[in-house]
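In what follows, a structure is listed as structure tokens, so that the remarks can point back to it.
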Amino acid sequence: MTTLIESDIPAFLDRFNSFNDAVLRELKISYKDNGNLNISVAIATQDVNEKENDGWVCVRLDILNVADFCFSENAEFSNQVLSQGIHILAFSDGIGFDFGFFADAPESISELKNSKTFAIGESAAWAVEAY
């Protein structure tokens with residue numbers, strides 16, 4: 001997996017069209033023996049670097065040592081299609097993700113925490129997998 005660092009975020013989002021209209025395939029929450037929490041998501045999206053399958057791939061995104069998260073799902077709000085894409089907020093001691101809740105990127109951690117689908121962790125890593 002490739003570690004996602006702040007300077008790579010724009011290129012990462014550009015490569016996958018900011019995950020606009022991507023499809024959340026899997027959400028896995030792992031509680032570790034040491035008390036840490038990790039979240040792994042698999043997202044079907046288009047990759048500008050891929051020629052097969054009309055560019056469709058699956059991106060695995062692991063958010064490590066999660067400090068705060070929310071994935072709310074109900075009859076009125078589904079997380080399956082990320083119509084608004086993904087927004088990423090890097091800060092001094094971590095990285096935060098909004099998974100399709102906001103139309104515009106949140107400007108602060110407190111704003112990010114208003115999302116119904118967010119995760120804030122110490123670090124993140126990603127890999128492209130077969131569609």
Side-chain angles (χ1 to χ4, degrees):
M1 294 194 90
T2 302
T3 300
L4 184 59
I5 58 174
E6 184 173 5
S7 61
D8 293 339
I9 292 172
F12 174 75
L13 290 173
D14 286 346
R15 178 175 173 179
F16 301 108
N17 192 32
S18 295
F19 295 86
N20 286 310
D21 294 323
V23 177
L24 185 63
R25 284 187 161 176
E26 178 182 84
L27 168 66
K28 181 179 177 183
I29 301 168
S30 301
Y31 293 90
K32 301 299 178 184
D33 290 340
N34 62 4
N36 289 341
L37 170 72
N38 295 337
I39 292 176
S40 179
V41 294
I43 303 166
T45 190
Q46 288 189 296
D47 181 346
V48 299
N49 294 344
E50 181 61 46
K51 303 298 181 221
E52 294 184 27
N53 297 321
D54 292 323
W56 283 93
V57 297
C58 187
V59 174
R60 169 98 29 213
L61 179 62
D62 289 351
I63 306 160
L64 308 173
N65 299 323
V66 172
D68 202 350
F69 77 97
C70 176
F71 280 87
S72 176
E73 180 87 22
N74 61 47
E76 297 172 9
F77 181 79
S78 174
N79 298 309
Q80 189 173 14
V81 178
L82 303 177
S83 298
Q84 303 298 331
I86 291 178
H87 302 292
I88 304 173
L89 181 63
F91 45 95
S92 61
D93 58 348
I95 188 166
F97 296 83
D98 164 56
F99 294 93
F101 183 74
F102 292 118
D104 298 314
E107 296 181 11
S108 66
I109 295 171
S110 60
E111 185 179 356
L112 176 63
K113 289 181 179 183
N114 289 323
S115 171
K116 291 187 178 194
T117 53
F118 77 91
I120 299 171
E122 187 177 285
S123 63
W126 63 278
V128 174
E129 300 176 348
Y131 181 68

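Since the structure is predicted, the reported quantities are computational estimates derived from the model, not experimental observations.
Note that OG of Ser92 is 7.0 Å distant from CD1 of Ile109, once rounded to the nearest 0.5 Å. Rounding to the nearest 0.5 angstrom, the gap separating the CG atom in Leu61 from the OG1 atom in Thr2 is 11.5 Å. Remark: Glu122 CD to Asp93 CG distance equals 8.5 Å, nearest 0.5 Å. The distance from the CZ atom of Phe12 to the OG atom of Ser18 is 10.0 Å, given to the nearest 0.5 Å. To the nearest 0.5 Å, atom CG of residue Asp8 and atom OG1 of residue Thr3 are 9.5 Å apart. Taken to the nearest 0.5 Å, the CD atom of Gln84 stands 11.0 Å off from the OG atom of Ser115.
Residues Phe71 and Phe99 place their aromatic rings such that the two centres sit under 6.0 Å apart.
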Stepwise, does the side chain to side chain contact (heavy atoms under 4.5 Å, CB included) test hold for Ile120 with Ile95?
-> CA-CA 6 Å; Ile120 299 171; Ile95 188 166; over 6 Å; no
Worked check of ring-ring contact (aromatic ring centres under 6.0 Å, His included) between Phe69 and Phe97 = CA-CA 9 Å; Phe69 77 97; Phe97 296 83; over 10 Å; no
Between Val59 and Arg15, does a side chain to side chain contact (heavy atoms under 4.5 Å, CB included) hold up when you go through it step by step?
-> CA-CA 11 Å; Val59 174; Arg15 178 175 173 179; over 6 Å; no
What's the verdict on side chain to side chain contact (heavy atoms under 4.5 Å, CB included) for Leu24 and Val41, showing C-alpha distance, side-chain angles and the deciding distance?
-> CA-CA 7 Å; Leu24 185 63; Val41 294; 3.9 Å; yes
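In the displayed structure, Asp104 atom CG is contacted under 6.0 Å by at most 12 heavy atoms of other residues, nucleotides or ligands. Residue-environment remark: CG (Asn34) exceeds the threshold of 12 foreign heavy atoms within 6.0 Å. When the shell of 6.0 Å around CD of Glu50 is examined, it contains more than 12 heavy atoms from other residues, nucleotides or ligands.
Counting heavy atoms from C-beta outward, Asn20 and Leu82 have side chains that stay 4.5 Å or more apart. Side chains of Ile29 and Leu37 form a contact here, defined as non-hydrogen atoms less than 4.5 Å apart. Annotation: side chain of Glu26 is in contact with side chain of Arg60 (closest heavy-atom distance under 4.5 Å). The side-chain heavy atoms of Ile86 and Ile43, taken from C-beta on, include a pair separated by under 4.5 Å. Ile88 has its side chain within reach of Leu4: a pair of non-hydrogen atoms, C-beta onward, lies under 4.5 Å apart. The shortest side-chain heavy-atom distance between Lys113 and Phe118 falls under the 4.5 Å cut-off.
The minimum heavy-atom distance linking Pro106 with His87 is given by the pair CD-CB, 3.7 Å. Between Asp21 and Ser83, the shortest heavy-atom contact is OD1-CA, 3.5 Å. Closest non-hydrogen pair, Ala90 versus Ile9, comes out as CB-CD1, 3.9 Å. Residue Ala125 comes nearest to Met1 through the heavy atom pair O-CE, 3.6 Å, listed as atom of the first residue, atom of the second, then distance. Between Gly96 and Phe91, the shortest heavy-atom contact is N-CE2, 3.6 Å. Taking both residues in full, the closest heavy atoms of Asp54 and Gln46 are given as O-NE2, 2.8 Å, listed atom of the first, atom of the second, then distance.
Classified by interplanar angle (parallel below 30°, tilted 30° to 60°, perpendicular above 60°), the ring pair Phe16/Trp126 is perpendicular.
Hydrophobic clustering places Ile63 together with Phe19 (ILVMFWY residues linked when any side-chain heavy atoms are closer than 4.5 Å, directly or through intermediates). Under the 4.5 Å side-chain heavy-atom criterion for Ile, Leu, Val, Met, Phe, Trp and Tyr, Val48 and Val128 are members of distinct hydrophobic clusters.
A donor-acceptor pair under 3.5 Å is formed between the side chain of Asn38 and the backbone N or O of Asn65.
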